[in-house]
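Just below is one structure, and these are the notes that go with it.
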Amino acid sequence: MSLDIVVCVKTNPDAQMIRIKNREPVLEAIPYKVGDLEKNALEAALQLRDAAGGGTIRALTVVEGDRKIRETIKEALAMGADEAVIVADPALAGADQAGIAAALAAAVAKIGACDVLLFGEGSTDNYSGQVGARVAELLGWPQIGYAKKLALAGGGIEAERSMDEMIETLAAPLPVAVTVVSEINEPRPISLMNILKAGKKPVTEWTLADLGLDAVGAQKRIVSNLAEEQDRKHVLFAGAVDEQVDAFVNALVKEGVVGR
Amino acid sequence: MADILVYSEKADAALELVAKGREWAAELGLGLSAACLGAGAAEAASALAAHGADRIFVSDAAFDGLPADTVAAALAAAAAEAGATVVLIASTRRGKELGGRVAQKLGAGCVSDVNALTLEHGELVADRYAYGGATVAREVITTAVKVFAVMPKTFAVGDPVAGAGAVVPLPAPAASAVRVVGRRAKEGEAVDLTAAPRIVGVGRGFAARDDLRLGTELADALHAELACTKSLADFEWLPESRILGLSGAKTKPDLYLAVGVSGQIQHTVGVSSARLIAAVNTDKEAPIFALADYGIVGDLYAVVPALVAKLQSL
Ligand SMILES: Cc1cc2nc3c(=O)[nH]c(=O)nc-3n(C[C@H](O)[C@H](O)[C@H](O)COP(=O)(O)OP(=O)(O)OC[C@H]3O[C@@H](n4cnc5c(N)ncnc54)[C@H](O)[C@@H]3O)c2cc1C
């Protein structure tokens with residue numbers, strides 16, 4: 001069986017690199033990278049394709065501007081995606097979930113060959129978890145959220161999914177939209193060789209006009225976006241382990257959080 | 001008349017949303033409706049009616065597994081019937097995926113994982129974490145219909161009110177192509193990390209599952225609850241109920257002691273309100289130290305046994 005898979009990949013500002021200045025996040029010069037959960041989705045795609053015995057994996061991403069996207073998407077190609085499709089359009093600036101979902105759904109329709117459409121359950125930065133569901137609705141496909149195990153069965157997909165209080169096993173025919181959780185797998189490391197190879201893989205670029213779309217404007221207004229205030233002491237204890245431990249425990253006793 | 005429409009597959013969460021919805025409905029001059037779907041819908045409907053929903057849309061047709069596509073179709077039908085301008089859903093995992101789907105059907109903007117929702121100058125303002133938890137974004141939805149997926153326990157359940165809401169039967173939507181094959185309970189005991197005054201958090205600095213014994217001993221010596229990073233729950237070393245962070249518990253203990261935890265933002269959002277934060281980590285550049293009051297740069301395999309001995313000697 002041949003299984004064509006599209007993996008929707010968001011490139012996120014590296015949350016760990018975001019500095020806070022006067023409670024405001026400083027986003028200038030922050031590197032963008034493929035989201036953590038999207039790497040799980042890519043790994044799941046590679047394993048499903050192996051199980052099927054063939055098929056094409058495409059990494060699909062939507063961006064408003066440049067964001068060095070051609071560099072970032074190479075991560076997905078180096079992991080093993082065969083091709084990349086980039087929808088880039090300045091008109092996407094300010095788009096939120098509905099705008100991104102519209103572009104993704106139109107791109108999936110234009111790609112055509114898609115049996116399984118994969119997403120992370122949420123993006124590393126915003127984690128809204130809406131886009132997979134919105135795209136499934138636009139395509140009129142069934143959806144399976146929070147998959148922690150995926151297998152081909154009976155010409156369709158069988159998924160174990162992790163809900164709040166239970167593990168549920170669902171079966172769905174193809175095509176289907178699936179979002180994955182991080183425990184589904186450990187994404188394979190990227191070798192230097194594969195990074196070099198990734199440069200030779202095909203990358204297609206479309207604008208919204210290529211997809212016959214007008215921009216979908218923002219559906220939300222951000223009133224504020226500030227960090228919570230933190231005032232910490234930052235005391236590190238030096239010396240041999242016993243000295244460090246003594247000073248550490250004494251400090252906690254003085255603070256009244258341990259001891260009698 | 002326009003309505004606020006409430007839905008959750010969890011009875012308690014639906015009651016919480018009804019309680020708050022009733023307050024806002026009165027303030028905004030809207031009606032309050034609710035939807036109850038699937039097995040047990042009739043009983044759930046009478047509870048919501050008793051708590052002040054004016055109209056309850058009920059369909060006890062087979063919603064086996066409550067698949068997102070069918071539930072979204074039913075909820076969109078209820079929203080149309082009610083002329084809903086605000087849809088409140090509980091942000092459980094089911095609620096989150098439903099939120100996106102139903103919002104798309106309704107041409108609505110949606111905010112998920114809302115941890116505070118307030119009526120300010122006639123507008124609903126939703127708070128949620130952004131940038132992995134580094135900031136709190138306050139958002140207003142600008143579409144005519146607004147969908148909010150609100151974290152359970154954001155609001156309290158209200159008292160029952162006099163008067164009975166009307167039950168409105170909802171036509172059954174087309175069946176989903178998704179079929180439930182099986183179901184089992186999640187493993188692991190339930191713990192309430194939010195109630196613990198002291199918490200020891202363990203992370204990937206522990207090289208093997210058996211080594212977590214050190215973490216347990218430290219927690220015992222501190223009279224603390226044991227918690228972990230998501231990574232350890234993903235390895236199934238500890239149950240999900242012990243995760244601290246964006247996808248786990250958000251706590252405010254007197255002391256949080258992180259051991260072998262790097263302090264990625266998605267984790268620290270669960271402890272950033274602790275009165276004191278302390279850390280043991282081999283890497284002095286680990287982000288956890290930027291958030292710590294007290295720290296030891298060192299190997300947990302040497303530090304933790306010494307800490308346990310010292311604490312026991314107090
Ligand atoms: C959408 C999303 C949601 C997430 N939600 C959560 C969440 O709710 N909670 C959560 O925890 N994570 C969450 N994560 C994951 C999070 O980003 C981090 O990956 C995770 O918290 C890291 O776990 P860790 O600190 O155990 O591991 P690592 O980051 O690998 O850190 C291990 C640390 O141990 C130290 N160490 C190693 N050996 C030793 C030793 N011998 N002694 C002492 N120290 C040692 C290392 O220096 C390192 O700092 C989420 C991620 C995403 C994308």
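The structure displayed is predicted, hence computed values, not measured ones. Reminder, nothing fancy here: chain letters follow the sequence lines and each chain counts from 1.
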Worksheet item: Around atom NZ of B/Lys186, are there more than 12 heavy atoms of other residues, nucleotides or ligands at under 6.0 Å?
Response: yes
Discussion item. Report which part of B/Ala103 has an atom under 4.5 Å of a heavy atom belonging to chain A: side chain, backbone, both, or neither.
Written reply: both
Practice prompt. Side-chain contact test, heavy atoms from C-beta onward, threshold under 4.5 Å: evaluate it for A/Gln16 versus B/Pro287 and give yes or no.
Written response: yes
Item to complete: Can you tell which part of B/Val111 gets under 4.5 Å to a heavy atom of chain A, answering side chain, backbone, both or neither?
Response: both
Worksheet item: How far does CD of A/Gln130 sit from NZ of B/Lys96, to the nearest 0.5 angstrom?
Response: 9.0 Å
Response to the item:
Heaviest contributor of heavy-atom pairs below 4.5 Å to chain B, chosen from A/Arg134, A/Glu168, A/Lys220, is A/Arg134
Fill in: Which portion of A/Asn126 sits near chain B, non-hydrogen atoms under 4.5 angstrom
both
Mind listing the side-chain donor-acceptor pairs of residues 293-310 of chain B below 3.5 Å, one per line with the distance, residues two or more places apart or on another chain?
| unit_1 | atom_1 | unit_2 | atom_2 | d |
| --- | --- | --- | --- | --- |
| B/Asp293 | OD1 | A/Lys233 | N | 2.9 |
| B/Asp293 | OD2 | A/Arg232 | NH1 | 3.0 |
| B/Asp293 | OD2 | B/Ile277 | N | 2.9 |
| B/Tyr294 | OH | A/Glu255 | OE2 | 2.7 |
| B/Asp299 | OD1 | B/Tyr301 | N | 2.9 |
| B/Tyr301 | OH | B/Ala207 | N | 2.8 |
| B/Tyr301 | OH | B/Asp211 | OD2 | 2.5 |
| B/Lys310 | NZ | A/Asp246 | OD1 | 3.4 |

Response to the item:
Looking only at B/Val269, B/Thr92, B/Val140, most heavy-atom pairs under 4.5 Å shared with chain A are made by B/Val140
Worksheet item: Got a donor-acceptor contact below 3.5 angstrom from the A/Gln143 side chain to the B/Ala68 backbone?
Response: no
Practice prompt. Can you tell which part of A/Val241 gets under 4.5 Å to a heavy atom of chain B, answering side chain, backbone, both or neither?
Written response: side chain
Worksheet entry | Atom group of A/Asp14 that falls short of 4.5 Å from chain B, counting heavy atoms | neither
Discussion item. What I'd like to find out is whether the side chain of B/Arg94 reaches to under 4.5 Å of the side chain of A/Tyr146, using heavy atoms alone.
Written reply: no
Item to complete: Quick one: closest heavy-atom pair of A/Ala136 and B/Arg101, and the distance?
Response: CB-NH1, 3.3 Å
Practice prompt. Using non-hydrogen atoms and a 4.5 Å limit, figure out which bit of A/Ile184 sits close to chain B: side chain, backbone, both or neither.
Written response: neither
Item to complete: Over all heavy atoms of both residues, which pair between A/Pro142 and B/Asp69 is shortest? Give the atoms and the distance, please.
Response: CA-OD2, 3.9 Å
Worksheet, complete the sentence: Of the listed A/Pro25, A/Ala98, A/Ala102, the one with the largest count of heavy-atom pairs under 4.5 Å with chain B is A/Pro25
Practice prompt. Select, from A/Ala171, A/Ala227, A/Gly145, the one with the greatest count of heavy-atom pairs under 4.5 Å involving chain B.
Written response: A/Ala171
Worksheet item: What pair of heavy atoms forms the shortest contact from B/Glu97 to A/Ile144, and how long is it?
Response: OE1-C, 4.3 Å
Worksheet item: Which answer fits B/Lys146, side chain, backbone, both or neither, if we ask what part of it has an atom under 4.5 Å from a heavy atom of chain A?
Response: neither
Item to complete: Nearest 0.5 Å please: distance from the CG atom of A/Asp96 over to the OG1 atom of B/Thr142.
Response: 7.5 Å
Discussion item. So A/Leu170 and B/Val180, do their side chains get closer than 4.5 Å, heavy atoms only?
Written reply: yes
Item to complete: Quick one: which of B/Lys10, B/Arg198, B/Lys105 has the most heavy-atom pairs under 4.5 Å with chain A, could you say?
Response: B/Lys105
Fill in: Residues of residues 157-165 of chain A within contact distance of chain B, non-hydrogen under 4.5 Å
A/Glu158, A/Glu160, A/Arg161, A/Ser162, A/Met163, A/Asp164, A/Glu165
Worksheet item: If you count heavy-atom pairs under 4.5 Å between each of A/Thr124, A/Val223, A/Val135 and chain B, which one has the most?
Response: A/Val223
Practice prompt. Mind running side-chain contact (heavy atoms from CB on, under 4.5 Å) on B/Glu240 and A/Glu183 for me, showing each step along the way?
Written response: CA-CA 11 Å; B/Glu240 283 174 16; A/Glu183 60 257 44; 3.4 Å; yes
Worksheet item: Using non-hydrogen atoms only, which part of B/Leu222 is less than 4.5 Å away from chain A: side chain, backbone, both, or neither?
Response: side chain
Worksheet item: Does CD in B/Glu236 sit with more than 12 non-hydrogen atoms of other residues, nucleotides or ligands closer than 6.0 Å?
Response: no
Response to the item:
Ranking A/Arg221, A/Glu228, A/Glu24 by heavy-atom pairs under 4.5 Å to chain B gives rank one to A/Arg221
Worksheet item: For B/Tyr131 and A/Ile30, what are the C-alpha separation, side-chain angles and deciding distance, and is it a side-chain contact (heavy atoms from CB on, under 4.5 Å)?
Response: CA-CA 12 Å; B/Tyr131 297 121; A/Ile30 299 293; over 6 Å; no
Item to complete: State whether the number of non-hydrogen atoms from other residues, nucleotides or ligands found under 6.0 Å of A/Met166 atom CE is greater than 12.
Response: yes
Worksheet item: Under the salt bridge (Lys or Arg N to Asp or Glu O under 4.0 Å) rule, what pairs show up with a residue in residues 127-139 of chain B, not counting sequence neighbours?
Response: B/Asp113-B/Arg128, B/Glu120-B/Arg138, B/Asp127-B/Arg138
Fill in: Residue part contacting chain B, namely of A/Ile18, when any heavy atom lies under 4.5 Å
side chain
Worksheet item: Between B/Ala134 and A/Ile20, what is the shortest heavy-atom contact and its length?
Response: O-CD1, 4.2 Å
Discussion item. Is B/Val125 close to chain A through its backbone or its side chain, or both, or neither, when contacts mean heavy atoms under 4.5 Å?
Written reply: side chain
Discussion item. Please rank B/Gly133, B/Ala108, B/Ser176, B/Pro67 by heavy-atom pairs under 4.5 Å with chain A and give me the top one.
Written reply: B/Ala108
Discussion item. Quick check on A/Tyr127 against chain B: is it the side chain, the backbone, both or neither that has a heavy atom closer than 4.5 Å?
Written reply: both
Worksheet item: With only heavy atoms counted, which part of A/Val131 is less than 4.5 Å from chain B, the side chain, the backbone, both or neither?
Response: neither
Worksheet item: Using non-hydrogen atoms only, which part of A/Ala247 is less than 4.5 Å away from chain B: side chain, backbone, both, or neither?
Response: neither
Item to complete: Please name the pair of heavy atoms, one in A/Ala15 and one in B/Ile265, separated by the smallest distance, quoted to 0.1 Å.
Response: CB-CG2, 3.8 Å
Worksheet entry | Pairs satisfying side-chain hydrogen bond (donor to acceptor under 3.5 Å, both in side chains), at least one member in residues 268-291 of chain B, at least two apart | none
Worksheet entry | B/Asp254 CG to A/Leu252 CG distance, which is reported to the nearest 0.5 Å | 11.5 Å
Worksheet item: What's the shortest heavy-atom distance between A/His234 and B/Leu291, and which atoms?
Response: CE1-N, 4.3 Å
Practice prompt. Under 4.5 Å, counting heavy-atom pairs only, tell me which of A/Ala172, A/Gly256, A/Gly217, A/Ala251 racks up the most with chain B.
Written response: A/Ala251
Worksheet item: Would A/Gln97 and B/Cys110 count as a side-chain contact (heavy atoms from CB on, under 4.5 Å) if you check the C-alpha gap in whole Å, the side-chain angles of each, and the deciding distance to 0.1 Å?
Response: CA-CA 8 Å; A/Gln97 291 89 356; B/Cys110 172; over 6 Å; no
